[in-house]
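Data block below; observations after.
The model shown is predicted, which means the values in this text are computed figures rather than measured ones.
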Protein chains: 2
Amino acid sequence: MNGADAVISTLADNGVRACFANPGTSEMQFVAALDREPRVRPVLCLFEGVVTGAADGYGRMTGHPAATLLHLGPGYGNGIANLHNARRAGTPIVNIIGDHATYHRKYDAPLTSDIETLARPNSLWLKVAETADNAADLAAEAVQASYGPPGGSASLVLPADCAWSPATRKGPVLVAPSRPAPDPAKIEASAKAVRAAKKPVVLMGASACGEAGIAAAARLSAHGVRVLTDTFIARQPRGAGLFAPDRMQYFGEQAIKDLEGVDLMVLAGTTEPVAFFAYPNAPSVLVPEGCAEAELADRREDAQAALAALADALGAPTSAQPNALSLPDRPSGGIDARTVGLSIARHMPEGAIVSDDSVTSGAPILAATRTARRHDWLGLTGGAIGQGIPAAVGAAVACPDRKVIGLTGDGSGMYTVQGLWTLARENLDCTVVVFANHTYRILGVEFVRTGSGEPGPAAASLLDLGNPRIDWVSLAHGLGLAAERCETAERFDDVFASSMGNKGPMLIEVALD
Amino acid sequence: MNGADAVISTLADNGVRACFANPGTSEMQFVAALDREPRVRPVLCLFEGVVTGAADGYGRMTGHPAATLLHLGPGYGNGIANLHNARRAGTPIVNIIGDHATYHRKYDAPLTSDIETLARPNSLWLKVAETADNAADLAAEAVQASYGPPGGSASLVLPADCAWSPATRKGPVLVAPSRPAPDPAKIEASAKAVRAAKKPVVLMGASACGEAGIAAAARLSAHGVRVLTDTFIARQPRGAGLFAPDRMQYFGEQAIKDLEGVDLMVLAGTTEPVAFFAYPNAPSVLVPEGCAEAELADRREDAQAALAALADALGAPTSAQPNALSLPDRPSGGIDARTVGLSIARHMPEGAIVSDDSVTSGAPILAATRTARRHDWLGLTGGAIGQGIPAAVGAAVACPDRKVIGLTGDGSGMYTVQGLWTLARENLDCTVVVFANHTYRILGVEFVRTGSGEPGPAAASLLDLGNPRIDWVSLAHGLGLAAERCETAERFDDVFASSMGNKGPMLIEVALD
């Protein structure tokens, strides 16, 4: 048993079942060890942004960390954007970052880099192994640390000699920490504030949006308290049988308008809402003037139990009328995000998982699927586009019996297009829907909102994806994936229905323009 | 004039002529300002690894920094791998990293991240603007700082309000620093050591490999001193009329064997050579036992002038017989890296630029082009694959009158495949040659070398790109690029000859397997 064996078996002993990998020379011992540890499934990705996004999708669906395998500082660097999203989602992930042998680092070989500094901002735990036995101990610590709460990336730097040197033992099995129970004082204060308020709202963060939290939110809603979620939620169960809270609006002025007259905001597993971006002469904080705030549970605490306790304290009904299943009719005519949303709602099977990176196309689909069959929705938590395809990969690995639907814009899809190959290679049960509007549409909107006027030729060229037009069917075929382009609502309805009826991966290009 | 105008005009005043960009909302004011500053050419890339790799290729060819435009921490993160390569190459680059408005950062909005920590490892200069006028001053400082010596990334974090607030003035025009003149004491000591040595070698680093340095090396060679370069050189002029120094071998044991009996190593613009990776029971330092070392010039000093001074001090011939033009015959039969190299040597036009990320296919092409028409060769300086296509983009923007040839493996090409779209969009005069062996071949070699035995099924799956096979012709078509697959040496010779005769971008897939 060498250090790599000890690390991978310790990860497995602590519950790790998948390793999304893009290895290099310094990780070869770890790769070899994967052959000797059948409990961990290796999944090759052609780019590290796919590796980390897949680990995020996997962790959101299982609640447990996958391992990533990354090649020194540059490999980790390529994975940063999706680790940023995972940090915002609170997803447990264990990064194994290969490094030069301990004695080799001082020579500053070409791939030497300051991994610790690079990894610090997105790691809630970060250590560097010094020996094989130490590496095994740290592997156990990393898994435990990744649970937080709230969860996040634990990054273990694994020098090559720690992997290839003999290990005398595996690391321990450590207990995963759980969230602190709700604070009775906060519950009492929140209940009192709600009773006194004229127009209270409850704002739910990611940790509040489990099934129990949604059920408690339904009770609060039945009691007359409006419930919203943060704009982007790591994982939200939705559809028939489940209460559907509203969302905080993305644009600040719309959010402020939506909250007009609200005099109390109760925060459940989240913090004071703020604008995604600042704009000249627009507020940063999205709480109406004079509105009081009450923290029911912070991001660490068990916000779901806190919501249930608040409902109890308020004497809310013990059960609430659930959302009934209601599917739309077949859409027809020109294709757009609205008609696509209707078709998705019609055909998405029970238990589907939606990985959403669709940017400007997302809202109509969220609206259309409110009463669809029950599903989970994975949002773009950190705003770093390029999450949709990778998170779909990870969700499909995590849940092989559930259909995964990846929604992506064309701009966002290009960031991590390499994920299509892993969908094909692993024959994952996933349909990727690309909204091809051949522009960074959101930036066209934001350009005006930031007070930049109308784009001139240079600016317009930086917002345009239409020259040349990206042919997503060719791209998908090049990466081994079946694909279709749909130019009418009817055609999309047929193709999407068919993809929902078949197992395996495919891509559908929605020709928006 | 707002801060963005002041920054971009200050960059232009200080010689910046291109901005490789992948902007987001926080950069919209900068995008708008590009319309008002016609001296700076905006080039959109669909992924930040292409942005930074293009800036590296541009900087290597012009000697001046391009600007990059990156979207907060995640956007910068996506660009880190190629900035790592640029750091190793000593390439001047000015990164403009957009950030939230100064007053908005404290709210920890979803895209907020610790940009300064992320950017520190690969930045030789890093500052955060605080006002519009301050941003303009810092833009001038950044350009100056990017020159080093040695050159590197200067990173300016530009909060959105510094961009949109009124500026009262532009920043100054600052003088670019030059390299320190050679140190007479080092020249004298090196000359004395060479005279005393039985088997001296001179090792040239990137900064030594300009035309003057190569000419001085030719004189040393004519005098009987063997001259080598580092394994990976940022930019090396090669071909007919130019002396072709040997290269340090990539694998340590081959390097040590190649240097057998060497009793003096003179270092010109580089440091003691070390192995790219450590291996069990293999040395890190690639200097033979008992070999003395003499530093002629460090990485900061003018190593080219130092080499000329050393040649003078040794009484080397004042001119040396140049490499005569010698082109191979048309290859035939099965296609491999050797036959491709022969065709490249035959047809590559005078002044071509080769951007090399071909990994295991590179050596035969280097050998074949030694006496080809004069060209520049851009090497993979930092070992972070995914440099080839982006650096070709940047070189083609920098040198519109020269043909660019991008060499890439299929594994390395997939990291930054998005660069193909920019080649098409800008109609750059570049032919990308993809060596499609459907495997991470280098890792198959390294797996064995690291003592990992023979790959089992799990390990083999992590080294294999063949399931599914990537169809590079479809991929290229999907991104708007003409493409051909070549399965014989003759076919490649014809297609490559044709692409050299036409202006504009195309991709050739070399079907190796």
Apply the test ring-ring contact (aromatic ring centres under 6.0 Å, His included) to residues Phe47(B) and Phe47(A): give CA-CA distance (whole Å), side-chain angles for both, the deciding distance (0.1 Å), then the verdict.
CA-CA 12 Å; Phe47(B) 178 70; Phe47(A) 178 70; 5.3 Å; yes
Is there a ring-ring contact (aromatic ring centres under 6.0 Å, His included) between Tyr440(A) and His71(B) once you walk through the steps?
CA-CA 14 Å; Tyr440(A) 288 119; His71(B) 187 47; over 10 Å; no
ring-ring contact (aromatic ring centres under 6.0 Å, His included) evaluation trace for Phe277(A) with His104(B):
CA-CA 8 Å; Phe277(A) 290 106; His104(B) 195 67; 8.0 Å; no
Yes or no on side chain to side chain contact (heavy atoms under 4.5 Å, CB included) for Asn78(A) and Asn78(B), after CA distance, side-chain angles and deciding distance?
CA-CA 5 Å; Asn78(A) 283 334; Asn78(B) 282 334; over 6 Å; no
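Residue Thr112(A) touches chain B through both its backbone and its side chain, counting heavy-atom pairs closer than 4.5 Å. With a 4.5 Å cut-off on non-hydrogen atoms, Asp464(A) touches chain B through its backbone and its side chain both. Residue contact with chain B, scored on non-hydrogen atoms closer than 4.5 Å, involves the backbone and the side chain of Leu465(A) alike. Only the side chain of Ile80(B) has a heavy atom closer than 4.5 Å to any heavy atom of chain A. Contacts of Val43(B) with chain A are made by backbone atoms alone, with heavy-atom separations under 4.5 Å and no side-chain atom involved. Contacts of Ala275(B) with chain A are made by both backbone and side-chain atoms, with heavy-atom separations under 4.5 Å. For a residue to count as touching a neighbouring chain, one of its non-hydrogen atoms must lie under 4.5 Å from one of that chain's; by this rule Arg87(B) touches chain A with the side chain only. There is no contact between Ala163(A) and chain B, counting heavy-atom distances below 4.5 Å. Both the backbone and the side chain of Pro280(A) come within less than 4.5 Å of a heavy atom in chain B. The parts of Ala384(A) that come within reach of chain B are both its backbone and its side chain, each placing non-hydrogen atoms under 4.5 angstrom from that chain. With a threshold of 4.5 angstrom between heavy atoms, Arg425(A) approaches chain B through its backbone and through its side chain. Using a 4.5 Å cut-off between heavy atoms, Asp161(B) makes no contact with chain A at all.
When all heavy atoms of Val417(B) and Gln418(A) are compared, the pair lying nearest together is CG1-NE2, 4.5 Å. Residues Gly451(A) and Gln29(B) share a closest heavy-atom pair of C-NE2, 3.9 Å. In plain terms, the two heavy atoms of Met28(A) and Thr450(B) that are nearest each other are CB-OG1, 3.5 Å. The minimum heavy-atom distance linking Pro468(B) with Trp421(A) is given by the pair O-NE1, 2.9 Å.
Rounding to the nearest 0.5 Å places CG of Asp35(B) at 8.0 Å from OG of Ser461(A). If you take CG on Leu118(A) and CG on Asn122(B), they are separated by 6.5 Å, rounding to the nearest 0.5 Å.
At least one side-chain heavy atom of Ile470(B) sits under 4.5 Å from a side-chain heavy atom of Leu46(A). Side-chain contact between Val274(A) and Asp108(B) is absent, with no heavy-atom pair separated by less than 4.5 Å.
Chain A forms the most heavy-atom pairs under 4.5 Å with one residue out of Leu111(B), Val445(B), Asp114(B), and that residue is Leu111(B). The candidate with the highest count of non-hydrogen atom pairs below 4.5 Å against chain A, out of Ala458(B), Pro74(B), Pro110(B), is Pro110(B). Note on His84(A), His477(A), Glu48(A): by heavy-atom pairs under 4.5 Å with chain B, the leading option is His84(A). Ranked by heavy-atom pairs shorter than 4.5 Å toward chain B, the options Thr25(A), Asn22(A), Asn82(A) are led by Thr25(A). Interface remark: of the candidates Pro121(B), Pro273(B), Gly75(B), Pro121(B) forms the most heavy-atom pairs closer than 4.5 Å to chain A. Across Gly480(B), Gly77(B), Gly49(B), the residue that shares the most heavy-atom pairs under 4.5 angstrom with chain A is Gly77(B). Chain B forms more heavy-atom pairs under 4.5 Å with one residue of Phe30(A), Trp472(A), Tyr415(A) than with any other, namely Tyr415(A). Per-residue heavy-atom pair counts under 4.5 Å with chain B were compared for Pro455(A), Gly383(A), Ser284(A), and the maximum is reached by Ser284(A). Chain A forms more heavy-atom pairs under 4.5 Å with one residue of Arg88(B), Glu272(B), Glu446(B), Met414(B) than with any other, namely Arg88(B). When Trp164(A), Tyr279(A), Phe447(A) are compared by the number of non-hydrogen pairs under 4.5 Å with chain B, Trp164(A) comes out ahead. Comparing Gly24(A), Ala81(A), Gly79(A), Ala4(A) by how many heavy-atom pairs each has under 4.5 Å with chain B, the most go to Ala81(A). For the set Ala21(B), Ala476(B), Pro42(B), Pro38(B), the entry with the most heavy-atom pairs within less than 4.5 Å of chain A is Pro42(B).
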